[in-house]
Amino acid sequence: MSTLDKIRELKRERNAVILAHYYVNDEVQAVADYVGDSFYLSKIAAKEEAETILFCGVSFMGESAKILSPQKAVIMPDMQADCPMAHMADIGRIQEMRKKYEDLAVVCYINSTAELKTYSDVCVTSSNALKIVRKLPNRHIYFIPDENLGRYVASQAPEKQFIFNDGFCHVHKSITAENVRKAKEAHPDAPVLVHPECTPDVVGMADYIGSTSGIIDFATANEAREFIICTEMGVLYELKQKNPGKRFYSVGHRQFCPNMKRITLEKVADALEQMDNAIELDEEVRILAYKPLERMLALGQ
Ligand code: 13P
Ligand code: SF4
């Protein structure tokens, strides 16, 4: 039996659905029931009725699914697939900021550990961060863990006073303004599409700034025939499916997330067969981490 047939059969047996982020390998996106950006996938995780969610992504995504849907088994194809940025904030500093600013809101990018979420007021993703920050009554915003996304949101919400944290995504940080300048020189008619995890100088060169879904939707709706892509290149799979006649250019050689790429079809089949890579969370942590995620779902609509 082929690996694909095995996955399809196991999915039925386990009453499972497969969720995949746009950054995982093409063949994994192809077998998934739902593929999307972090916000879309968390909404699906919260409302999907299957007993088992197999999450093709990194740990914080599986954790968020479990926090939102504790009654389901949330299984990961590879427990080592972890986002380094999810750990890049310090609880001591959060507490310090809370003492310093009375009206502080701790705004936590969903790319964060469950523990960091328990110290936060609201979660955001790259597609809803600006909308949610604008809706908060608080003037002071401590944005964790990603400095670049924080700076982008701050630039669009001048009425707020931001405190930044120095977390970053190494994949997006590897994209330099010089890379983008060269790509623009080679493809002068191609709009530059940038994920807000990129550095401010790269964001400053963008024709469009948005989440992975935003980038895909923009390129699909836009009349240009070629685009420069400043994010992880897993988005190419969906971009090419939706736009077979258009061309997409990367700007460097490091636009690949090694953690997302750990997920293979074989690991998907093994995880469904063994059911042994389940996300387990302490119930107290889960309940505390649920609040900022629930608030994100409410404010992000
Ligand atoms: P989005 O899914 O919100 O575009 O974020 C990208 C990302 O880095 C996920 O790890
Ligand atoms: Fe983390 Fe960056 Fe990989 Fe997303 S692309 S999982 S932010 S390291």
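Note that the numbering runs from 1 along the sequence shown for the chain. Whatever order the structure lists them in is the order used to number ligands and atoms, beginning at 1. Note that this is a predicted model, so its numbers are computed, not measured.
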Subject >> For C169, atoms of ligand 2 separated by under 4.0 Å from a heavy atom >> reply: 2 (Fe), 5 (S), 7 (S), 8 (S)

Original post:
Would E232 count as a contact of ligand 1 if the rule is a heavy atom under 4.0 Å away?
Top reply: no

Original post:
Going by the order shown, which atoms of ligand 2 are within less than 4.0 Å of some heavy atom of E197?
Top reply: 2 (Fe), 7 (S)

Original post:
Sub-3.5 Å donor-acceptor pair from the side chain of S69 to the main-chain atoms of K72, do we have one?
Top reply: no

Original post:
Which pair of heavy atoms, one from I67 and one from A114, lies closest together, and at what distance?
Top reply: CD1-CB, 4.0 Å

Subject >> Short N-O contact, K246 and E223, less than 4.0 angstrom >> reply: no

**OP:** Measure from atom 4 (O) of ligand 1 to every heavy atom in T212, I110, V171 and give the option owning the shortest one.
**Re:** T212

**OP:** Output, in order, the C-alpha distance, side-chain angles, deciding distance and verdict of side chain to side chain donor-acceptor pair (under 3.5 Å) for H172 and D146.
**Re:** CA-CA 11 Å; H172 289 88; D146 188 18; over 6 Å; no

Original post:
Of all the atoms in ligand 1, which lie at a distance below 4.0 Å from a heavy atom belonging to M61?
Top reply: 9 (C), 10 (O)

Subject >> Any M85 heavy atom less than 4.0 Å from ligand 1 >> reply: no

Original post:
Which option, E197, M260, H21, owns the non-hydrogen atom nearest atom 8 (O) of ligand 1?
Top reply: E197

Subject >> Option whose closest heavy atom lies nearest to atom 8 (S) of ligand 2, chosen from P84, S38, G167, S59 >> reply: P84

**OP:** Pick one of side chain, backbone, both or neither for how T231 approaches ligand 1, counting any non-hydrogen atom pair under 4.0 Å.
**Re:** neither

**OP:** Check each atom of ligand 1 against the heavy atoms of N111 and keep those under 4.0 Å away; list them by number with element.
**Re:** 7 (C), 8 (O), 9 (C), 10 (O)

Original post:
Can K43 be said to sit on top of F39's aromatic six-ring, NZ or CZ under 6.0 Å from centre and within 45° of the ring axis?
Top reply: yes

**OP:** Cation-pi check, R247 to F227: give yes when NZ or CZ is under 6.0 Å from the six-membered ring centre and within 45° of the ring axis, no otherwise.
**Re:** no

**OP:** Please check if the side chain of D103 supplies one atom and the backbone of R139 the other of a donor-acceptor pair under 3.5 Å.
**Re:** yes

Original post:
Considering only the protein, which heavy-atom contact is closest to atom 1 (Fe) of ligand 2, and what is its distance?
Top reply: C83 SG, 2.3 Å

**OP:** Please determine if atom 3 (Fe) of ligand 2 has an N/O/S atom from C257 lying under 2.8 Å away.
**Re:** yes

Original post:
Would you call N259 a ligand 2 contact, heavy-atom distance under 4.0 Å?
Top reply: no

Subject >> Backbone of I110 reached by a side-chain donor or acceptor of K117 within 3.5 Å >> reply: yes

Subject >> Y40 near ligand 1 by a heavy-atom separation under 4.0 Å >> reply: no

Original post:
Looking only at heavy atoms, is any part of Y23 under 4.0 Å from ligand 1, and if so is it the side chain, the backbone, or both, or is it neither?
Top reply: side chain

Original post:
Is any side-chain N of the basic residue among E273 and K6 closer than 4.0 Å to the acidic one's carboxylate O?
Top reply: yes

Subject >> Step-by-step side chain to side chain donor-acceptor pair (under 3.5 Å) determination, E226 to Y249 >> reply: CA-CA 8 Å; E226 49 182 14; Y249 307 110; 2.7 Å; yes

